[in-house]
Every structure is written in C-alpha cells, then in structure tokens.
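To start, the structure itself, in structure tokens.
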There are 2 protein chains.
Amino acid sequence: MTTSFNINEFIYDFKNCCNKVQKKSFNRGQTITSYIRNRNQFCILVSGNADLVRYDLNGNRTIIEHFSESDIFGEVFYSITTNNELLVEAKSKCEVLIYNYQDIHHKCNKGCKFHEILSEYLPELILNKITDLNMRIELLTKRTTRDKLLGYFNLLSTKALNKTFEIPFSLTDLADYLSVDRSAMMRELKLLKDENFIKKDSKKITLLYK
Amino acid sequence: MTTSFNINEFIYDFKNCCNKVQKKSFNRGQTITSYIRNRNQFCILVSGNADLVRYDLNGNRTIIEHFSESDIFGEVFYSITTNNELLVEAKSKCEVLIYNYQDIHHKCNKGCKFHEILSEYLPELILNKITDLNMRIELLTKRTTRDKLLGYFNLLSTKALNKTFEIPFSLTDLADYLSVDRSAMMRELKLLKDENFIKKDSKKITLLYK
DNA sequence: TATTTTTTGTTGCAAAAGCAACAAATATGT
DNA sequence: ACATATTTGTTGCTTTTGCAACAAAAAATA
C-alpha cells in the first residue's frame with residue numbers, strides 16, 4: 001500500500017489507547033483470522049506479510065488480497081455472501097493489532113495519543129485500500145493470462161520506479177493471485193521471454209518494452 | 001449498494017452547502033466523467049444508472065463497476081496506472097453531484113445541513129464501497145464462466161431475498177461485467193438451463209438449487 | 001548437515017473460452 | 001408507427017487455458 005502512514009512510528013503507544021486492542025503474533029502458515037460473519041473486526045498488520053485466501057470446493061486456492069506492513073484488513077470490509085472459506089494466512093512471522101471497528105473510527109475525547117493518530121490516518125488508509133482494490137479489479141478483468149501478467153508487471157515496475165523489479169511472492173502464489181492455472185502461467189511466462197517482452201531471472205523481471 | 005443512506009432524502013438542500021458543488025444531468029450514452037489523472041474528483045449519483053467502463057486496445061469493453069442511486073464514484077478512488085481509458089457512462093438519464101474530495105470529507109463549522117449529513121454518512125458510504133469492491137473481486141477470481149454466473153446469481157438472489165430475481169442489465173453488459181466472452185456466456189447459460197441449475201425467462205432468473 | 005517439503009519448469013492431452021458471423025427479436029428515437 | 005440500432009440466441013472453428021503428472025532445484029526444518 002502506498003501511504004505515508006507507518007504504523008511502526010507510533011506502535012509503542014498502543015497500550016495506552018482507551019479501546020480494547022489486542023496485539024497478537026503469528027508464525028508462517030498460521031491463520032490470523034477467518035471471515036465467518038460480520039463481527040466488525042478491524043486489523044492492522046504491524047509487521048510481516050499475510051494473504052487473504054479463499055479455498056473453493058474444487059480445492060482451488062485464490063489469493064484475494066496480499067497484505068504487508070501497515071495494511072488494514074478484517075471482516076468489517078466484508079459482507080459475507082460466499083459459501084467459501086476466507087482466511088487470512090501469515091506468509092511470514094506477523095504481528096497484528098485487532099480492534100472492533102466501532103470503537104476506533106470515531107475520535108474519542110480521552111486524549112489517548114494512539115487512538116488520535118489512528119483516527120486521523122484512517123480516512124487515508126481506507127482511501128488507499130479502495131485504490132488498491134480498484135487496481136486489483138483492473139488486473140482481474142484482463143481477459144488473458146498474458147494481459148494479467150503484463151498488467152501486474154507494469155504495476156510493480158511503476159511502484160519500483162524501475163523497469164527491473166522483484167516479484168513479491170512465489171510463482172505458485174502469483175498464479176493464485178492472478179487467478180490462473182500455474183502451469184498455464186509458466187507457459188505464458190516462457191512465451192513472454194521467448195518473444196522478448198521480458199527478461200526473467202527467477203523472481204527478477206525486467207520489462208523490455210517501453 | 002446496500003446502505004440506509006438515500007441521497008434523495010436531502011438533495012433539496014445541496015445548494016446551501018458551503019462547498020463548491022455542481023449538479024449535472026446526463027442522457028443515456030453520455031460520458032459523465034473520464035478518469036485521467038488524480039483530480040480528487042468525488043461524485044454521488046443522485047438518480048439513474050451508470051457504469052465505469054474500460055476499453056482496452058483490442059476493443060474489449062469491461063464494466064469495472066455498476067452504479068445506481070446514492071452510489072459514490074470518482075477519480076479520488078483511483079490511482080491511475082493503467083494505459084486504458086476509464087469512463088463513467090450514463091446507462092439512463094442521470095443526475096450527479098460533483099465535489100472535490102478534499103472539500104467534503106471533513107466536517108465544516110459553517111452549519112450547512114447538507115455538508116453535515118454527507119460527512120456523517122461518508123464513512124458508511126465508503127465502507128459499503130469497500131464491501132462492494134470485495135464482492136466484485138470474489139466474483140472475478142472465480143475460475144470458470146459457470147462459477148462467475150452462479151456466484152453473481154447468488155448475490156442477486158441474496159439481495160432480492162428470493163430465488164427469483166431480475167438481471168439488472170443486458171446480457172451483453174453482463175458478459176462485460178463478468179469479464180467473459182458473450183457467446184461463451186450464452187452457451188454456459190444454456191447449459192445451466194439444460195442441466196436444471198436455473199430457470200430463465202429473458203432477464204428473469206430462478207435458482208433451482210438450494 | 002541431512003531430510004523433508006515446497007517450488008519451479010515442463011509436457012501431452014482434454015476442456016473451456018474466445019472469435020466471427022448471422023438471423024431473429026427487442027428496444028429506441030423521431 | 002416506422003426506421004434504425006441494439007440485443008439475443010446460436011453455431012463451427014480456433015486458440016487459450018486447465019489438469020495431471022513428474023523430475024530437478026530450492027527452501028525450510030529437524
């Protein structure tokens with residue numbers, strides 16, 4: 001997420017916040033939370049990486065969203081109408097703050113610094129979340145695996161301000177993120193290399209067109 | 001969008017708002033706005049229906065979002081990284097309020113009723129937008145045309161609290177919305193009928209499974 | 001460090017989706 | 001009400017994608 005807000009600048013103070021806030025730690029592979037029914041749960045990722053994933057009835061895994069430091073997530077952003085299980089899984093060691101959204105999105109008058117800062121930045125965090133989701137939709141609506149790959153690479157290149165960049169997760173995960181079959185994606189990556197659209201050195205990609 | 005907020009309950013008062021607000025009318029087929037660069041444009045649809053559409057280089061049209069009464073949209077929710085044109089097109093006669101986001105999302109102290117109501121409801125509107133976008137992502141990440149159709153029908157059925165419901169746009173648009181080829185979608189619809197998953201009478205669909 | 005697990009790269013074959021084209025039915029505008 | 005434009009329904013053919021399976025490489029863990 002591209003925001004000036006960095007949770008770690010004030011995290012030291014979170015315990016003095018008037019609201020019930022839990023700070024929890026998770027190891028790689030653990031489930032941080034599952035979206036079951038609206039409990040107004042609102043989370044902030046303090047450190048680590050995590051994915052919101054869905055497993056469907058055919059065993060397909062889809063990475064719905066990818067979270068890194070200072071990203072927000074939680075059931076409060078979902079109205080569950082799906083039959084499928086939605087899980088937030090830790091991809092590395094994670095620290096997470098867990099709030100109830102009702103408690104946090106209004107300014108309080110108890111003068112707790114952490115609460116004040118959070119509610120000040122909340123609109124910006126939420127706006128950023130919307131732009132992220134819109135970019136995600138842009139990607140997912142691309143018709144072919146090739147367009148999805150190039151679209152995603154463009155995004156990463158723009159972020160990195162460089163034609164060369166690193167794919168932030170495994171190729172297996174990338175396929176789940178773009179919602180395509182892994183072997184079909186590998187085939188397409190090979191074609192993109194052969195046709196000189198990209199240069200690829202394991203996870204390092206360079207765009208060869210302007 | 002599923003919110004208690006209905007813009008038409010207070011729209012009479014919008015001219016007394018301290019902020020520069022424009023109310024514009026559009027006819028079916030007209031472009032309400034195009035997303036070019038971040039101008040912090042924030043719009044509310046007062047009446048009518050509109051789509052956010054993208055035309056790609058192959059001439060494919062994609063309906064990114066569908067808006068109806070009281071829905072919010074605008075460049076402020078986008079950070080433009082795409083090469084493609086993004087347009088909001090009126091699907092019927094539309095009335096739209098156009099604001100600058102900066103001017104509206106903070107409470108003012110000039111006592112203008114309309115501003116007060118808007119900023120009161122804004123968090124709810126925005127949260128609803130996020131849940132809508134998440135549902136959209138849920139749909140788009142489905143792997144097959146069949147799953148997209150059934151996923152979307154489930155959603156409509158849930159909204160309507162009924163196994164029978166009406167598709168809110170043309171089948172041509174539905175294909176553009178689900179990001180699939182129209183003829184392939186028609187084929188799949190026929191199969192769903194033949195296999196007794198659904199009953200279909202033009203735009204009226206009934207789900208035949210529980 | 002050795003062992004186990006996960007990821008990467010690849011392929012042949014099957015299934016699904018896209019493309020193009022057309023007639024018939026509807027809807028729209030004048 | 002008429003003429004025009006759009007949508008619907010359909011199909012044959014082509015291309016793309018998905019599935020299954022496997023060996024090699026890399027990463028994680030005991």
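Side-chain atoms are counted along with the backbone in the values below, which use heavy atoms only and exclude waters and symmetry mates. In what follows, chains are A, B, ... by sequence order, proteins preceding strands, each numbered from 1.
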Whole-Å gap separating P (D:dT16) and CZ (A:R146):
8 Å
Can the positive tip of A:K93 be found less than 6.0 Å from the middle of the six-membered ring of A:F26, inside 45° of the ring normal?
no
I would like to know whether B:E65 and B:R54 meet salt bridge (Lys or Arg N to Asp or Glu O under 4.0 Å); could you show each step before the answer?
CA-CA 10 Å; B:E65 288 183 83; B:R54 181 191 66 209; over 6 Å; no
Protein-nucleic acid N or O pairs under 3.5 Å, nucleotides 2-4 of chain D:
none

Let me know the distance between CD of A:E188 and P of C:dG9, rounded to the nearest Å.
15 Å
For B:T206, which of B:T164, B:N162, B:D201 qualifies under side chain to side chain donor-acceptor pair (under 3.5 Å)?
B:T164
Do the rings of B:F197 and B:Y209 sit parallel, tilted or perpendicular, given the 30° and 60° boundaries?
perpendicular
Should the pair B:K159 and B:F165 be classed as cation-pi, given the thresholds of under 6.0 Å to the six-membered ring centre and 45° from the axis?
no
Check the orientation of B:Y101 and B:F42. Use parallel for under 30°, tilted for 30 to 60°, and perpendicular for over 60°.
tilted
Check: A:Y152 ring centroid to A:Y177 ring centroid under 6.0 Å:
yes
Within residues 189-199 of chain B, which residues have any heavy atom lying less than 4.0 Å from an atom of DNA chain C?
none
Distance in angstrom units between B:F169 CZ and D:dT8 P, rounded:
11 Å
What integer distance in Å separates A:N27:CG from D:dT29:C1'?
13 Å
Could you tell me how far apart B:D176 (CG) and C:dC19 (P) are, to the nearest whole angstrom?
12 Å
Any N/O pairs under 3.5 Å between the protein and nucleotides 2-7 of chain C? List them or say none.
none

How many Å lie between NZ on A:K142 and P on C:dG18, as a whole number?
16 Å
In chain order, what residues pass the side chain to side chain donor-acceptor pair (under 3.5 Å) check against B:D173, with sequence neighbours excluded?
B:R61, B:K91
Minimum heavy-atom separation for A:N27 to A:A90, with atom names?
O-CB, 3.5 Å
A:R182 meets the side chain to side chain donor-acceptor pair (under 3.5 Å) criterion, sequence neighbours left out, with none
Over how many whole Å does the gap from A:D147 atom CG to C:dA17 atom C1' extend?
15 Å
Separation of A:I205 atom CD1 from C:dT8 atom P, in whole Å?
11 Å
Rounded at 0.5 Å granularity, tell me how far CZ in B:R136 sits from NE2 in B:H66.
11.0 Å
Between the protein and nucleotides 18-22 of chain D, list the N/O to N/O atom pairs that are separated by less than 3.5 angstrom.
residue: D:dG18; atom: OP2; partner: A:D181; partner atom: N; Å: 2.8
residue: D:dG18; atom: N7; partner: A:R187; partner atom: NH2; Å: 3.1
residue: D:dG18; atom: O6; partner: A:R187; partner atom: NH1; Å: 3.3
residue: D:dG18; atom: O6; partner: A:R187; partner atom: NH2; Å: 3.0
residue: D:dC19; atom: N4; partner: A:S183; partner atom: OG; Å: 2.9
residue: D:dA20; atom: N6; partner: A:S183; partner atom: OG; Å: 3.4

Minimum heavy-atom distance B:V46-B:E69, with the two atoms named:
O-CG, 3.1 Å
Quick check: closest heavy atoms across B:D181 and B:A175, and the distance to 0.1 Å?
C-CB, 4.4 Å
